[in-house]
Amino acid sequence: MSTTYHSVHWNTQKRVYDAALLLLVILATVSFQSISAAIHPAMTIETRLLRSSAFLCLFLIQLILCIGPLARINPRFLPLLYNRRHLGVCLFLLALVHALIALIQHHALGDTFPLVSLFTSYAHEYAAAFSTDGALARIPFEPFGALALVILFLMAATSHDFWLRLLGASAWKALHTLVYFAYALILFHVAFGFLQGDVHVIYPIFVLSGAALVFLLHLVALIRGPAPQLPISTTSPPDEFVPVCKVSELAEDQGKSIRVGKRRLALYRHGDRVFALSGVCRHQGGPIGEGRIVDGCVTCPWHGWQYKPEDGMSPPPFDEHIPAYPVEIREDTVYVKPRALDRGTACDGAIVPPTIMPAGQSTEPFYIGYLSAIPEPLTNFLHVAAGVILLASPLFMAIMAAAQPETDRGTFEFGTTRTLEGVFYTIPVPSLYVTAGPDRLTHPSGFHYLLCGTGKFAIPDSWASYSGQKVSLAGTLIYRNQVAMVEVSPGRPPEALGAPEPHEARPDTEILGPVTLIGELVDTKCYLGVMRPATGKVHRACAIRCLSGGIPPGLRVQSRDEETAILLAGPQDEPLKYDVTWAARLVRAEGILERQNGFSILRVNQLSLFDGDMGDIPEPEFSDYG
Amino acid sequence: MYEAIVRGILSVAGLYLAVGILFLLPLHRRALPAIDPATRGTGLFFKLLISPGLITLWPLLLRRWRQAARGEDTAGKLDSPFTPEGLRRWHGIVSVALAVFCPAVIAAVLYQRPAADIHTPLPAEVIEPPVWVQPGVSYGRPFSGVPAKVFLARNASREHGLLFRFDEHAELPPTALYWTETMETSDTLPETAIFVGMIWGPKTRWITLPRDEMFQKGHWIVYSFADHHLETFPVPGLHRMPAE
């Protein structure tokens, strides 16, 4: 209730609440970042930020969803409920950070508009979801998160009382009930995304147990919350008084909820009179019958909105109103006429016989959120509750950080430019063959650098004219194990240095023999070190963008306790023809394995999705591999 | 087809929000004071706070503005009474539905997680098998800026070689090992240098020394293909350090 709007009606309570919230976010983030950096130093900062914001969002939304039922079970949680919108806005902002990092990292700088890529990179999986074994889990997870973000945005954008008034309480409440859909979407986002990787069992346990906790609290609130009032059925016309309760059941200045037919009413005994008002607060439908009379006004327990008991009008200068009802007392019974009085009509209430004593008062402190002070019994309780939450959040984040799967390795020398000289090749993949030099002219050994462009693109097609020439080019190194790549800028084409000397040309590849390999289809740029992790479903959209942009495809193969990426090329010297949406999926590749100093390459005769059957894979023909 | 549909939806959404941005100032200056007098005299931060909602819900604001301009009583619409019964019923239905549906979907999706990594045999030239070595002489020398320890040792086949032991997370740019009998200058690769193999991190790497003299005399040279930087250290026949 307000005569003019403020951005926030600051008081001590709100300041403390927001300070505690800020402290929670800081503690949680620092906890996650420090543990992650210590245990997984190879993980990129973007991945750490992505995950810390994700886990914190999950923690916050579960906290938000628990506060409501907790406040119904025990009114001492009402102070947490009062400023819950601050939690909601904070949740949205964190989710926005997470979304922006993910969008930029995985979908930007490619050949498709990022938002389009977000929804369509592997959208064909929707059609296959229910027709193929195991395909349900391949449904894209990104759209779930995007839709959840839209809901959180709508809620955050309309969290001010201005919107409550403009939309009307019913529509506003219905909009904000969408938080449950947002929660479901977030759970799906996690289950279809992060949980599809090789993750510790604690993650699905947390997700499922968190959802179970939210549901159980709602169930308990339904069962153990303030007893639902059995409706007093009546066949009388609404102009007739209906008996509703005994006078002795009413405590002084404390409400009693009743239902007459479909109407929720609230009875109050104030002084020597009994009044009847609507039991539903105009603000957000709070239970007027669970309120108190403070400063002569019926006060809603949820947000402290006030109404005069005699006519249901808010005290000036406010003009909100709830219906008031005529009430009579006959002997020791309260009678209410279920037809409301006209707005603003004063009613003196019913006089209570002096012999009838009021019922015993509740000793529970009554909380009013817009006051600066909180009743002392509540203060102690809140200190404990806040302490538990502030301890739980960094502990939870630490566990989430520690349980993360081993991240991919690799180095991306971002910000460092090196100049290399060598012979430029485009077949089978763009590469630069560098011999030991520049002062070594007779040495036979050299090294192949793969080449790629900036962002999620290959080198420009026009650079094919440099093929076979000795060039100098500048770029940024990416390397992992024995494979290295140079990211070059399209704006800095190679400098031609003429024809190479015979010893500078690359030697013939070493042919190792026919082989059938099973591995994950990856884009070599991310895999070698630009992204960490660069495999699995969470990276699938980015890999598709990179492969679609021409980044050389690779097969992530595991052998013994090691893994490596083997380049894939067509059977002759042509590029491999394949479906880029197979990225991050297991594929079966048959062909001839070859080796150069710098990479291994499979000249693929046949490439298909792996169906799980290892039975018909032939023994390799190359020798001495054991 | 998906892409065309998504592009269409995003285009319409973008246009919708662009119109909302265009209407933002008129809404603040003229519509809001007419619709809700309590917005008069509000501060800049309040206006900023509600602006995202105005951009998103501008048709509703325009409709209210039109009603206010016609003198219609919007108080009832603005202050529609809250009727919780229907909402509570749907609240209950939705809660139960989500409580059943969500765990079922999540459990099904987790059950269908892709198989664990599949191992495929690869030749040693492509992926190095683990090597058992006999303890030998060790060096502790950083090279290529990456700290490492170098051991001269023998493998299970009693071949001499160098075992490079790196930090668990160390990565090297392309780096090669050479051997030379004589080292005249320390900054250029001698003509007589013999290429032995490539070195890469992390953890351990083994390089077999193909000639006896490589572990008896001369110099080992670690050469970086990234910046042509080289580091040399003598073979233990000349400078021996205690074994660890």
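Proteins come first, then strands; the chains are lettered A, B, ... in the order of their sequence lines, and each starts at number 1.
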Verdict with reasoning, Trp206(B) to Thr208(B), per side chain to side chain contact (heavy atoms under 4.5 Å, CB included): CA-CA 7 Å; Trp206(B) 170 263; Thr208(B) 300; 2.9 Å; yes
Donor-acceptor under 3.5 Å (Tyr449(A) side chain, Ala226(B) main chain): yes
Over 12 non-hydrogen atoms of neighbours within 6.0 angstrom of OH in Tyr126(A): yes
Ring geometry between Phe195(B) and Tyr178(B) (parallel below 30°, tilted from 30 to 60°, perpendicular above 60°): perpendicular
Least distance between heavy atoms, His40(A) atom then Thr407(A) atom: ND1-N, 4.2 Å
Sidechain-backbone polar pair: Arg113(B) side chain, Gly197(A) backbone, donor-acceptor under 3.5 Å: yes
Backbone of Val109(B) reached by a side-chain donor or acceptor of Gln196(A) within 3.5 Å: yes
Per-residue contact mode, Val150(A) against chain B (heavy atom under 4.5 angstrom): neither
Proximity breakdown for Ala127(A) and chain B, heavy-atom pairs closer than 4.5 Å: both
Most chain B-contacting option - heavy-atom pairs closer than 4.5 Å, from Leu195(A), Thr158(A), Leu208(A): Leu195(A)
Residue part contacting chain B, namely of Val483(A), when any heavy atom lies under 4.5 Å: neither
Leu32(B) versus chain A, the contacting section by heavy-atom distance below 4.5 Å: side chain
For chain A, the option from Ile9(B), Ile50(B), Leu98(B), Leu44(B) that forms the most heavy-atom pairs under 4.5 Å: Ile50(B)
Aromatic centroids of Phe92(A) and Phe153(A) separated by under 6.0 Å: yes
For Pro174(B) against Phe447(A), the heavy-atom pair lying closest together: CG-CE2, 3.2 Å
Among Glu520(A), Glu563(A), Arg418(A), Lys537(A), residue most engaged with chain B (heavy-atom pairs, under 4.5 Å): Arg418(A)
Aromatic plane relationship, Tyr16(B) with Trp58(B) - under 30° parallel, 30 to 60° tilted, over 60° perpendicular: tilted
With His218(A) via ring-ring contact (aromatic ring centres under 6.0 Å, His included) - residues at least two apart: Tyr180(A)
Heavy-atom pairs under 4.5 Å with chain B, option from Trp172(A), Phe215(A), Phe162(A), Trp163(A) with the top count: Trp163(A)
Interface moiety of Ile478(A) toward chain B, non-hydrogen atoms closer than 4.5 Å: neither
Chain B contact via Arg480(A) - which portion, at a heavy-atom distance below 4.5 Å: both
Contact class of Leu477(A) relative to chain B, heavy atoms under 4.5 angstrom: side chain
Contact leader toward chain B among Gly410(A), Ala211(A), Ala184(A), where contacts are heavy-atom pairs under 4.5 Å: Gly410(A)
Top contributor to chain B interface from Pro204(A), Gly519(A), Ser278(A), Ala191(A) [non-hydrogen pairs under 4.5 Å]: Ala191(A)
Heavy-atom proximity to chain B below 4.5 Å, by part of Ser559(A): both
Closest-packed option against chain A by number of heavy-atom pairs under 4.5 Å, given Gly41(B), Ser51(B), Ala99(B): Ala99(B)
Residue, of Asp198(A), Val89(A), Leu187(A), Leu115(A), that accumulates the most heavy atom pairs under 4.5 Å with chain B: Leu115(A)
Side chain, backbone, both or neither of Leu61(B) within contact of chain A (heavy atoms, under 4.5 Å): side chain
Contact class of Leu219(A) relative to chain B, heavy atoms under 4.5 angstrom: neither
